[in-house]
Amino acid sequence: MSETRKRMILDLDTGIDDALALAYALGSPEVELAGVICTYGNVTMRTAVRNTCALLELLGHPEVPVLAGADRSLAATAPFAPPAAVARIHGSNGLGDQPVSGWCRCAPGDGISFLREEVLRAAEDGVELLYVPTGPLTNLALALGSISGLADSLGRVTFMGGALAVPGNVTSCAEANVANDPAAADAVLRGGLRTRMIGLDVTHQAVLTRKDTAAWRDLGTPAGRLLADVTDHYISVYEQNNPQMGGCALHDPLAVACALDPTLVGCLPANLRVDLEGPTRGRTVCDPDRLRDEEKTCEVALTVDVPRFLGEFRSRVARTLA
Ligand code: BDR
Ligand code: CA
C-alpha cells in the first residue's frame, strides 16, 4: 500500500497559471502527483503536453506521466488553436514566450484510459484520488461518458472555471475554461459528479506580485529564473488589462490548493448548469430545474482566505524550487 493517502491527477491546458498549479502540486508533501492529462485552451493540446514535460523535467519530476487528452471541444470538428488574444496573455508558446526545451515524453495511451486505471488503482490501494481540471472540462465530460460509475468512484472534483456572482473574463458572462467548451462543463455539472467550483469569484482575489517572482529569480537556478520570467509575462498582461488588481490572478494554483484543503474557501452549495446558446453562452448559473433538490452536487467557492492561501502558495512553490 502507498504511504501517501492522497493522489492527484491534474488536467491542464498548460499555460502560465497551470505551470504554477503544477509547481504547487509538486511542492505538496501530502499528495502524490499520479499524472497530468493535457488539454487545449491556453495552447493546443500538443503544446500543453510539450510544456508539461518541459516543466516536469525542469522542476525535477520527469517520472510523472504526461497523457494526451482532448484536442478540441465536444462540438468542434477540428483541433483547437488558441486565438491571438489568448496567445498574448500566455505567450504564443503558452509560457510567456520564454524558450522551453525538454524531452517530450508523452506516456502511451490516452488520458481517459489512464484515468480509468488510476480510479481502480486508488480503490485497490485505499487512496483518495483528487482530480483537478484547470482547463476546459472536455476530458472529464468524455470520461463521464465512457467510464461507468465514474461519478460515484471519483470523489469530489475541484475545477478552476466559471463565475457565479462576478462577471466573466471572456464575455460579461463567461469564464475562459467554461467558454471553451460550455457543453462539456454542463455535462460535468449536471452529470451527477460532486464538484467544487473555484471560479473567478475567488481566483480574482488571489493575486501574486513581482515581489514573489523576484524571490524566485534570486534563487539563481534555471527553474527559479524560468518560473519568474514566465510569471512576469503574466503579471505584465494583468498590469495592462487589469491594473487595479496589482498583480496576476492565481487561478489554477487556487484550485489545487482547495483540492488539498477545502477550508481555504467558503462555498455555496448549489446545482449548476451552463448556458449553451445566445449572449449568455458559457455562463455558470443555478439550474432552475434542480433549485429545490435537497442534494446539491456543487460547492461554489465565493470567499477565500487569501493570506492563508498565499502563505501556502509561497512555501509550496519554494519547496518545489529548492
Ligand atoms: C482560466 O483560463 C485560463 O486562461 C487560465 O489558465 C485559467 O485556467 C482563467 O479563466
Ligand atoms: Ca488553465
Closest approach of [X] and [Y], non-hydrogen atoms and distance?
| X | Y | answer |
| --- | --- | --- |
| I16 | G96 | CD1-N, 3.9 Å |
| D110 | S113 | OD1-OG, 2.5 Å |
| S28 | R316 | OG-NH1, 2.9 Å |
| M245 | V207 | O-CG1, 3.5 Å |
| A249 | H204 | CB-CD2, 3.9 Å |
| S146 | I112 | OG-CG2, 3.3 Å |

Under a 3.5 Å distance rule, please check whether [X] uses its side chain to pair with a backbone N or O of [Y] as donor and acceptor.
| X | Y | value |
| --- | --- | --- |
| D201 | L164 | yes |
| D18 | G135 | no |
| D186 | V274 | yes |
| T171 | C173 | yes |
| N93 | Q98 | yes |
| T203 | H251 | no |
| R156 | T195 | yes |
| R290 | T297 | no |
| D13 | A48 | no |

Given side chains that start at C-beta, do those of [X] and [Y] come closer than 4.5 Å, heavy atoms only?
| X | Y | value |
| --- | --- | --- |
| D181 | L137 | no |
| L260 | E312 | no |
| T231 | D212 | no |
| C286 | L272 | yes |
| L268 | K296 | no |
| D261 | R308 | yes |
| C38 | R50 | no |
| H90 | N51 | no |

Go through it in stages, so that I can follow the logic: the residues are V157 and V188, the test is side-chain contact (heavy atoms from CB on, under 4.5 Å), and I'd like the CA-CA distance, side-chain angles, deciding distance and then a yes or no. CA-CA 10 Å; V157 167; V188 166; 5.8 Å; no

Go through the steps for F159 and R196 under the test side-chain contact (heavy atoms from CB on, under 4.5 Å), then give the verdict. CA-CA 6 Å; F159 70 94; R196 182 178 297 113; over 6 Å; no

Quick check for you: to the nearest 0.5 Å, what is the distance between [X] atom [atom1] and [Y] atom [atom2]?
| X | Y | atom1 | atom2 | value |
| --- | --- | --- | --- | --- |
| M197 | L302 | CE | CG | 8.0 Å |
| T39 | L12 | OG1 | CG | 9.5 Å |
| N271 | R292 | CG | CZ | 12.5 Å |
| L33 | M8 | CG | CE | 7.5 Å |
| E128 | K6 | CD | NZ | 5.5 Å |
| N169 | E175 | CG | CD | 5.0 Å |

How about Q244: does its CD atom have over 12 heavy atoms from other parts shown lying under 6.0 Å from it?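 Result for CD/Q244: enclosed.
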
Going only through I, L, V, M, F, W and Y residues with side-chain contacts under 4.5 Å, is there a path from [X] to [Y]?
| X | Y | answer |
| --- | --- | --- |
| L130 | V265 | yes |
| L20 | L310 | yes |
| L10 | L150 | no |
| L95 | I89 | yes |
| L115 | L74 | yes |

Worked check of side-chain contact (heavy atoms from CB on, under 4.5 Å) between V202 and L264: CA-CA 10 Å; V202 282; L264 286 167; over 6 Å; no

Tell me whether [X] is salt-bridged to [Y], with the criterion being a basic N under 4.0 Å from an acidic carboxylate O.
| X | Y | result |
| --- | --- | --- |
| E118 | R121 | yes |
| D71 | R46 | no |
| R190 | D289 | no |

Side chains of T14 and N42 only: does a donor on one sit below 3.5 Å from an acceptor on the other?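 Judged by distance alone, the side chains do not pair up.
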
Does the side chain of N180 pick up a donor-acceptor pair with the side chain of Y40 at under 3.5 Å?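 No.
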
Only pairs at least two apart or in different chains count here, so list each side chain to side chain donor-acceptor pair (under 3.5 Å) that has a residue in residues 272-285.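 Non-adjacent pairs meeting side chain to side chain donor-acceptor pair (under 3.5 Å): R273-D275, D275-T280, D275-R283.
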
Applying side-chain contact (heavy atoms from CB on, under 4.5 Å), run through D232 and R210 and close with a yes or a no. CA-CA 7 Å; D232 277 354; R210 288 182 192 271; 3.5 Å; yes

Would you call the rings of F309 and Y24 parallel, tilted or perpendicular, where under 30° means parallel and over 60° means perpendicular?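 The rings of F309 and Y24 lie parallel, inter-plane angle below 30°.
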
